[in-house]
*Asks:* 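Before I ask anything, let me first share the structure, which is written out below as structure tokens.
Every value quoted in this text rests on a predicted model; they were computed, and no experiment measured them. We count ligands from 1, going down the list as the structure has it; atoms in each ligand are counted the same way.
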Amino acid sequence: MAPATESHPTDDPSFGLAVDRYDLIQQQLIPGYGSLARLAVALLAASPLASEQGADVLVAGCGTGAELQEAVAQRPDWHLSAIDPSAAMLAEARSRLAGAAAIDWRQTTVEHLTEDPACQGRFAGALSVLVLQSLADDGSKLAFLTGLARSLRPGGQLVLVDLMSTSLPSLEGQLAAAWVGFQRASGLQVPAEQLAPLTQGLHPVGMARLTSLVNAAGFSDPARIFQALAFEGFLLQKPS
Ligand SMILES: C[S@@+](CC[C@H](N)C(=O)[O-])C[C@H]1O[C@@H](n2cnc3c(N)ncnc32)[C@H](O)[C@@H]1O
């Protein structure tokens with residue numbers, strides 16, 4: 001595998017501006033954020049391969065460690081690999097998980113990790129929460145999803161949570177206004193320079209495009225398992 005301290009050109013130091021307040025901001029910004037990691041881990045833990053004792057599980061884009069904390073709590077037997085290209089995010093996750101479990105930490109992207117033959121076909125399951133949305137649909141989304149499919153054993157599942165384009169154009173204005181109302185009611189008060197890395201430059205796609213991308217990457221059709229406004233969660237399977 002690649003060295004754990006590998007630096008990466010896609011590391012974005014600007015994301016570090018929000019790291020200390022990241023969780024609070026996400027809770028105020030994203031409906032259901034407090035349950036996302038718990039639900040994602042519970043779903044994967046019930047999957048055919050990741051339900052096995054001591055399963056290898058990849059947390060792709062671990063951020064400050066929300067999915068890792070849930071994984072350690074729900075499945076202390078899992079062998080976790082946690083990756084993120086952001087040094088600031090990885091450092092925060094490492095400090096929160098210090099001493100909690102033996103986690104294989106790597107500062108890298110999914111795309112780079114899975115260039116390593118040792119990481120191909122290795123994982124029983126993977127979690128990708130709020131990561132794909134930040135990648136442009138210029139080949140970057142496909143490369144990320146292809147890496148995830150490559151990392152899994154045949155029959156392995158991916159829980160994918162992401163911001164989506166609405167499939168209900170007639171409700172687009174109402175849904176956008178509701179999201180602003182949710183943020184206001186949640187007390188979101190964040191300086192523009194801290195909010196920008198979390199809200200700008202996102203690249204949501206619709207259901208048809210997501211289906212085409214995941215199929216091209218080597219997954220079966222996405223099964224939607226939850227939705228809160230435009231944030232949707234899917235279960236994907238690499239065919240056996
Ligand atoms: C919005 S955060 C989500 C973090 C965490 N999953 C959560 O739900 O709180 C997105 C994370 O994905 C990471 N990321 C971006 N591109 C990535 C890639 N190609 N591979 C792995 N992680 C990536 C970013 O550095 C960032 O920490």
Side-chain angles (χ1 to χ4, degrees), residues 2 6-41 43-44 57-71 80-94 96-97 103-116 119 123 126-151 158-164 190 194-204 213 217 226 228 230-233:
E6 174 193 7
S7 64
H8 198 277
T10 64
D11 187 16
D12 176 13
S14 67
F15 217 87
L17 285 172
V19 164
D20 58 338
R21 301 182 61 204
Y22 174 83
D23 300 80
L24 175 63
I25 294 169
Q26 291 293 65
Q27 281 162 21
Q28 294 173 328
L29 198 59
I30 298 175
Y33 180 75
S35 299
L36 281 185
R38 181 159 299 171
L39 186 52
V41 169
L43 271 161
L44 194 62
V57 168
L58 174 65
V59 179
C62 67
T64 57
E67 300 96 284
L68 291 166
Q69 288 176 306
E70 271 302 326
L80 293 166
S81 293
I83 67 166
D84 201 295
S86 163
M89 291 300 230
L90 209 57
E92 180 66 20
R94 288 188 83 141
R96 290 185 192 188
L97 273 292
I103 297 173
D104 182 10
W105 300 97
R106 292 177 191 272
Q107 187 191 344
T108 191
T109 61
V110 166
E111 302 86 310
H112 275 73
L113 180 81
T114 52
E115 282 171 6
D116 181 349
C119 294
F123 296 99
L127 300 164
S128 167
V129 178
L130 306 173
V131 183
L132 185 70
Q133 62 192 30
S134 63
L135 303 175
D137 192 8
D138 60 359
S140 304
K141 282 186 192 296
L142 180 59
F144 176 78
L145 290 166
T146 301
L148 285 169
R150 194 180 293 146
S151 78
L158 164 68
V159 178
L160 177 75
V161 180
D162 226 48
L163 176 68
M164 298 286 290
V190 178
Q194 284 204 358
L195 196 55
L198 296 172
T199 56
Q200 291 174 3
L202 298 182
H203 307 276
L213 284 167
F226 66 83
F231 293 91
E232 301 186 31

*Asks:* Gly61 to ligand 1: N or O pair under 3.5 Å?
*Replies:* yes
*Asks:* Short list, please: which atoms of ligand 1 are under 4.0 Å from a heavy atom of Tyr33?
*Replies:* 7 (C), 8 (O), 9 (O)
*Asks:* May I ask you to check whether Val110 has an N/O atom sitting below 3.5 Å from an N/O atom of ligand 1?
*Replies:* yes
*Asks:* Any nitrogen or oxygen of Thr109, main chain or side chain, under 3.5 Å from a nitrogen or oxygen of ligand 1?
*Replies:* no
*Asks:* List every atom of ligand 1 that sits less than 4.0 Å from any heavy atom of Tyr22, numbering the atoms from 1 in the order shown and giving each element.
*Replies:* 1 (C), 2 (S), 3 (C), 4 (C), 5 (C), 7 (C), 9 (O)
*Asks:* Hey, does Glu111 come in under 3.5 Å of ligand 1, counting only N/O atoms on both sides?
*Replies:* yes
*Asks:* Calculate, to the nearest 0.5 Å, the distance between atoms OG and CG belonging to Ser81 and Leu113 respectively.
*Replies:* 7.5 Å
*Asks:* Quick one: CG on Leu158 to CZ on Phe123, what's the gap to the nearest 0.5 Å?
*Replies:* 12.5 Å
*Asks:* Identify the heavy atoms of His203 and Ser134 that sit nearest to each other, and give their distance.
*Replies:* CD2-O, 3.6 Å
*Asks:* Please tabulate, for the side chains in residues 28-36, all donor-acceptor contacts under 3.5 angstrom to protein atoms that are two or more places apart in sequence or on a different chain.
*Replies:*
| unit_1 | atom_1 | unit_2 | atom_2 | d |
| --- | --- | --- | --- | --- |
| Gln28 | NE2 | Ser186 | O | 3.1 |
| Gln28 | NE2 | Gly187 | O | 3.4 |

*Asks:* List the atom of Leu90, the atom of Ile83, and the distance in Å for their closest heavy-atom pair.
*Replies:* CD1-C, 4.4 Å
*Asks:* For ligand 1, which atoms sit closer than 4.0 Å to a heavy atom of Glu67?
*Replies:* 5 (C), 6 (N), 7 (C), 8 (O)
*Asks:* Measuring from atom CG of Leu132 to atom NZ of Lys141, what distance do you get when rounded to the nearest 0.5 angstrom?
*Replies:* 4.0 Å
*Asks:* Numbering the atoms of ligand 1 from 1, which are under 4.0 Å from a heavy atom of Val129?
*Replies:* 3 (C), 5 (C), 6 (N), 8 (O)
*Asks:* Just distances here: any N/O of Leu130 and N/O of ligand 1 closer than 3.5 Å?
*Replies:* no
*Asks:* Which heavy atom of Leu148 sits nearest a heavy atom of Ala126, and at what distance?
*Replies:* CD2-CB, 4.3 Å
*Asks:* Below 3.5 angstrom, do we get any N/O pair linking Ser134 and ligand 1?
*Replies:* no
